Number of protein chains: 2
Amino acid sequence: MVNEGPGSGIPDIVIGRLPIYLRALNRMLQEDKEYTSSHDLGQRLGISSAQIRKDLSHFGEFGKQGTGYNVSYLYEQIRHILQVDRQWPMAVVGVGDLGRAIANYRGFVPRGFRVVSLFDADPAKVGDRIGDLTVLSFEVMTTEIKRQGVQVAMVAVPAEAAQQVADQLVEAGVRAILNYAPIMLAVPEDVHVQYIDPVIHLQRMTYYLKP
Amino acid sequence: MVNEGPGSGIPDIVIGRLPIYLRALNRMLQEDKEYTSSHDLGQRLGISSAQIRKDLSHFGEFGKQGTGYNVSYLYEQIRHILQVDRQWPMAVVGVGDLGRAIANYRGFVPRGFRVVSLFDADPAKVGDRIGDLTVLSFEVMTTEIKRQGVQVAMVAVPAEAAQQVADQLVEAGVRAILNYAPIMLAVPEDVHVQYIDPVIHLQRMTYYLKP
DNA sequence: CTAATATTGTTCAACCATTCACATTTAGAC
DNA sequence: GTCTAAATGTGAATGGTTGAACAATATTAG
Ligand SMILES: NC(=O)c1ccc[n+]([C@@H]2O[C@H](COP(=O)([O-])OP(=O)(O)OC[C@H]3O[C@@H](n4cnc5c(N)ncnc54)[C@H](O)[C@@H]3O)[C@@H](O)[C@H]2O)c1
Ligand SMILES: NC(=O)c1ccc[n+]([C@@H]2O[C@H](COP(=O)([O-])OP(=O)(O)OC[C@H]3O[C@@H](n4cnc5c(N)ncnc54)[C@H](O)[C@@H]3O)[C@@H](O)[C@H]2O)c1
């Protein structure tokens with residue numbers, strides 16, 4: 001995975017915090033909160049106010065001294081920076097228990113993503129309807145992804161199949177993969193991969209669970 | 001969330017990498033690989049060999065110069081450090097699509113965790129059987145968690161309910177929470193929380209997806 | 001209009017994490 | 001046995017991130 005966008009010298013760790021800010025701002029919008037401050041935001045997130053100001057300063061000046069930030073304005077600015085002020089069509093590969101939960105999840109659309117196709121290698125599952133999508137066969141994946149211009153995919157297949165799936169996704173033009181299989185993927189430099197493995201998080205906590 | 005176990009000065013970021021090492025070592029075991037080296041392991045994980053050696057050096061000397069690490073020995077040592085050389089009983093709160101996928105997931109047991117109880121507030125779901133577990137009502141949660149000595153829980157309820165659920169989990173004695181709801185939880189200092197939100201990961205990648 | 005308060009954006013110092021480099025040890029070849 | 005190649009564990013050097021502090025500016029109250 002690449003660490004920095006070409007040309008922009010903004011640390012990846014900063015980019016990684018923007019979605020967290022965005023989520024908090026969205027919540028504030030729901031609460032009809034009009035203004036916030038770096039202190040207020042930081043409090044909610046367990047992040048220092050200095051860090052929030054510093055992070056934002058990489059991209060411009062979004063606040064007003066004495067007043068703080070207009071929630072809705074800052075929200076839109078960060079959406080723009082992260083390019084989630086649009087809808088990214090997304091493919092889900094592997095329609096097991098997890099893939100099904102993902103396919104049904106209503107939380108993607110309001111945040112910039114829409115699942116537009118589902119793929120599974122199991123012939124018994126091909127043809128199943130989930131929501132308003134039909135599960136397609138692994139064979140048509142490349143064609144279909146190219147046809148729809150999908151650049152973002154989620155992988156929810158068993159670990160053994162994940163690398164092969166990733167290879168084919170990359171070949172089809174996918175540039176960002178969210179991998180649920182508990183295995184590291186080898187991909188070209190310009191393809192981004194993020195990982196979700198709940199066990200990793202759990203094991204990180206048990207270390208501290210001394211009696 | 002606390003950043004360090006009391007008394008141990010080991011950086012949390014180091015603890016956070018141990019589960020990743022563990023996962024890779026487990027994979028090597030499956031491949032009947034007897035020895036590995038910091039270089040080999042690092043290669044697979046995209047981490048420098050120096051970092052791996054330094055991380056491990058916090059806990060002892062597990063390798064042999066010239067030879068590297070015995071996979072199975074290192075595996076056991078890290079399992080012990082993380083306290084996953086036992087089975088942590090775990091509760092899942094919220095048996096929607098995601099909670100169901102978690103409850104059915106066979107990947108927890110081999111890595112130190114076992115789902116022992118399921119809770120949901122929806123009366124229509126209480127009584128449902130999932131695998132060999134029955135969904136219990138939210139009302140009996142505290143009692144049941146105390147009875148089973150559960151210290152680890154996963155939260156898969158809507159964001160609006162998550163804080164209330166967390167409060168009750170803490171009250172029941174839970175000390176580690178893995179939260180899938182897209183919201184930050186306020187918990188006492190000595191309770192650990194980890195978060196999983198796929199959208200955060202996706203948004204982090206779209207930043208780099210310039211045409 | 002002035003003073004008091006709040007808050008930003010930014011500089012700089014302190015801190016933390018990563019990498020380098022090497023002495024040391026081991027295994028294996030000859 | 002001796003030599004070579006491989007690899008560890010660690011102290012020192014480097015690089016990156018965070019937090020404290022502050023000048024500048026806006027708002028509010030009197
Ligand atoms: N269920 C969970 O809560 C959970 C949690 C963490 C991680 N995971 C991981 O997510 C992945 C999926 O988990 P799951 O519980 O849904 O498993 P599952 O076995 O229910 O589903 C896997 C699906 O992938 C399909 N598949 C297999 N090979 C394929 C291929 N080459 N191309 C396309 N589809 C293929 C299978 O037909 C199946 O439908 C696994 O790697 C698992 O380790 C699951
Ligand atoms: N499905 C996904 O792929 C996915 C992905 C990311 C995050 N999430 C998050 O995970 C959570 C669950 O997602 P889901 O898709 O399973 O939602 P869901 O609506 O299918 O399930 C939520 C369940 O929680 C139960 N519930 C509500 N309030 C409760 C309470 N106070 N105590 C106990 N149970 C309660 C509901 O009865 C329901 O069964 C949500 O916060 C969602 O945002 C889901």
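Reminder, nothing fancy here: chain letters follow the sequence lines and each chain counts from 1. Computed from a predicted model, the values in this text were never measured in an experiment.
Here the C1' atom of nucleotide C:dT8 and the NE2 atom of A:H58 are 16 Å apart, to the nearest Å. Put simply, CZ on B:F62 is 11 Å from P on D:dT10, counting in whole angstrom units. Whole-Å rounding puts the B:L74 CG to D:dA7 P distance at 15 Å. Straight-line distance from the OH atom of B:Y35 to the P atom of D:dA7: 13 Å, rounded to whole Å. Rounded to whole Å, atom P of C:dT10 lies 11 Å from atom CG of A:L56. Across the protein-nucleic acid pair, A:Q43 atom CD and C:dT7 atom C1' stand 15 Å apart, rounded to whole Å. One atom, CD of A:E34, and another, P of D:dT27, lie 13 Å apart when rounded to the nearest Å. Summarising the geometry, the separation between CD1 on B:I52 and C1' on D:dA7 is reported as 13 Å, rounded to the nearest angstrom.
Looking only at atom types and distance, the side chain of B:T142 has no donor-acceptor partner in the side chain of B:E171 under 3.5 Å away. Side-chain polar atoms of B:Q163 and B:D167 form a donor-acceptor pair below 3.5 angstrom. Judged purely by distance below 3.5 Å, without hydrogens or angles, the side chains of A:Y208 and B:D12 pair a donor atom with an acceptor atom. No donor-acceptor contact under 3.5 angstrom links the side chains of B:Y69 and B:D40, judged on distance only.
Within the 4.5 Å cutoff, side-chain heavy atoms of B:N70 are placed close to those of B:Y35. Taking 4.5 Å as the limit, some side-chain heavy atom of B:P11 sits within range of a side-chain heavy atom of B:H58.
Residue B:Y69 has a polar side-chain atom (N or O) positioned under 4.0 Å from OP1 or OP2 of D:dG9. The shortest distance between the side-chain N/O atoms of B:S38 and the OP1/OP2 oxygens of D:dT8 is below 4.0 Å.
The CG atom of B:L22 lies 6.0 Å from the CD1 atom of B:I78; values are rounded to the nearest 0.5 Å.
Remark: A:R86 CZ is packed, more than 12 non-hydrogen atoms of other residues, nucleotides or ligands lying under 6.0 Å away.
Among the heavy atoms of the strands, none lies under 4.0 Å from B:S49.
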Which protein N or O atoms sit under 3.5 Å from an N or O of nucleotides 12-17 of chain D?
unit_1 : atom_1 : unit_2 : atom_2 : d
D:dA12 : N6     : B:K54  : NZ     : 3.3

Encode nucleotides 21-30 of chain C as B, S and - characters from 5' to 3', where the letter depends on protein heavy atoms closer than 4.0 Å: B to the base, S only to sugar-phosphate, - to neither. B--BBBS---
Could you check B:R175 against B:E189 for salt bridge (Lys or Arg N to Asp or Glu O under 4.0 Å), going step by step and ending with a plain yes or no? CA-CA 10 Å; B:R175 295 199 291 148; B:E189 276 257 321; over 6 Å; no
